[in-house]
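Beneath this line is the structure, given in structure tokens, with notes to follow.
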Protein chains: 2
Amino acid sequence: MSEENIKLLKKVGLKITEPRLTILALMQEHKMEHFSAEDVYKLLLEKGEEIGLATVYRVLNQFHEAKILTRHNFEGNKSVFELAPTVHHDHIICVDCGKVFEFNDTVIEERQKQISKEHGIQLENHSLYLYGKCTDIEKCEK
Amino acid sequence: MSEENIKLLKKVGLKITEPRLTILALMQEHKMEHFSAEDVYKLLLEKGEEIGLATVYRVLNQFHEAKILTRHNFEGNKSVFELAPTVHHDHIICVDCGKVFEFNDTVIEERQKQISKEHGIQLENHSLYLYGKCTDIEKCEK
DNA sequence: ATCAATGCAAATCCTTTGCAATCGC
DNA sequence: GCGATTGCAAAGGATTTGCATTGAT
């Protein structure tokens, strides 16, 4: 696994360093979860890893450039990252507690293609975010 | 027109003040354009208006709360605002020529509500952008 | 008169950068 | 060894907030 990651880093032209391997592994352990730079930094601290916050920012940006990670700008003013999904999905975000759900709806995907076609556009890509509030207030801590 | 805006502010429960009226008028003059707080501040300065940047931020947030304005969080670290469209629409953008089409699809809108519900979220808002390329290359100037 | 709104500066939050020390190749 | 990477602290940009002043009703 670490071998795989070393290959991956080489492939995208980044040197093999301990911070990069550690952060990459962390993101892989938490596939489908979304972390801010601060989140990653704290998780590393908890694990006893000594990696500076500035380095976390630098590595996340490099991984994003290399398309290893996807960057999202949800409502609010900070970026969150997730391991680039192999299968496409969209997001639902609670604007109160920040919880994120993922979904993939074939009906919507199909309509998007259809609508694009009607407007003379060959659809290549899209971004869809649904924002709302948890209906179960118990489970929604601000 | 100013009469209209006074009514509008009253309706949403905001007191009639000169900064609010000025900013509201500014946004109306530039329907369909999006401005950051800084943009608005500078435009006001150019017009010789004496409104503090902090007030611009406060007013934009209040207008957003009141749904007079729509807030977008594009890539980058700042919010931009535009006069809330009277009729909701989403966007299709040609990544080559930058052309923008608007559409509103009830099938997609319905599915969004449904999907949110299934995840325990009361949908309040969404952002949907379709990116592609003009199929008619003639009409697509880079 | 009263309570909200404003302006300014200071504070905060998120992120980037300068620079010397350290590490990978 | 040399250039890239890191850590730390300082700088930066966007946005918010505290507080005294001004303004709206």
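Numbers restart at 1 for each chain; the letters A, B, ... are given by sequence-line order, proteins then strands.
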*Between K10(B) and V80(B), which has a closest nucleotide on DNA chain D that is more 5'?*
V80(B)

*Looking only at heavy atoms, what is the nearest atom pair of H72(B) and Y129(B), with distance?*
ND1-OH, 2.9 Å

*salt bridge (charged side-chain N to carboxylate O under 4.0 Å, His left out) between E29(B) and K47(B): does it pass, once the steps are laid out?*
CA-CA 13 Å; E29(B) 279 169 39; K47(B) 290 197 162 192; 3.0 Å; yes

*Looking for any heavy atom pair under 4.0 Å, which part of the strands does E18(B) touch: base, sugar-phosphate only, or nothing?*
nothing

*Is there a donor-acceptor pair closer than 3.5 Å between any side-chain N or O of S116(B) and the backbone N or O of I121(B)?*
no

*asked:* If I take atom CG in residue L9(A) and atom C1' in nucleotide dG24(C), what distance separates them, rounded to the nearest angstrom?
replied: 13 Å

*Taking only the side-chain nitrogens and oxygens of N61(A), find out if one of them lies under 4.0 Å from OP1 or OP2 of dT15(C).*
no

*When you check the phosphate oxygens OP1 and OP2 of dG23(D), does a side-chain N or O of T17(B) lie under 4.0 Å from one of them?*
no

*Between dG13(D) atom C1' and K78(A) atom NZ, what is the distance in whole Å?*
17 Å

*asked:* Taking the minimum atom-to-atom distance to the side chain of A54(B), which one of dA14(D), dC25(C), dA9(C) wins?
replied: dA9(C)

*Find the distance L14(A):CG to dT5(D):P and express it as a whole number of Å.*
7 Å

*Compare the minimum distances between each of dT15(D), dT6(C), dT17(C) and the side chain of A37(B), then state the nucleotide with the smallest one.*
dT15(D)

_Among dG7(D), dA14(D), dG7(C), which nucleotide has an atom closest to any side-chain atom of I51(B)?_
dG7(C)

*Nearest-Å distance for atom pair CG/P, residues L53(B) and dT16(D)*: 10 Å

*For the ring pair F35(B) and H30(B), is the centre-to-centre distance below 6.0 Å?*
yes

*Closest nucleotide among dT17(D), dT25(D), dC25(C) to the K15(B) side chain*: dT25(D)

*Does Y57(B) put a side-chain nitrogen or oxygen below 4.0 Å from OP1 or OP2 of dT15(D)?*
yes

*Starting at atom CG of L60(A), determine the distance to atom C1' of dC14(C), rounded to an integer number of angstrom.*
13 Å

*Atom OH of Y41(B) and atom P of dT16(D): how far apart are they, to the nearest Å?*
16 Å

*So does S79(A) get a side-chain nitrogen or oxygen closer than 4.0 Å to the phosphate oxygens (OP1/OP2) of dT15(C)?*
yes

*Can you find a pair of side-chain heavy atoms, one from F101(A) and one from H91(A), that are under 4.5 Å apart?*
no

_When you measure only distances, ignoring hydrogens and angles, does the side chain of R20(A) come within 3.5 Å of the base of dG24(C) through a donor and an acceptor?_
no

_Between P of dT16(C) and CD of Q62(A), the distance in whole Å_ = 11 Å

*Atom-to-atom span, NZ of K42(A) to P of dC13(C) - whole angstrom*: 11 Å

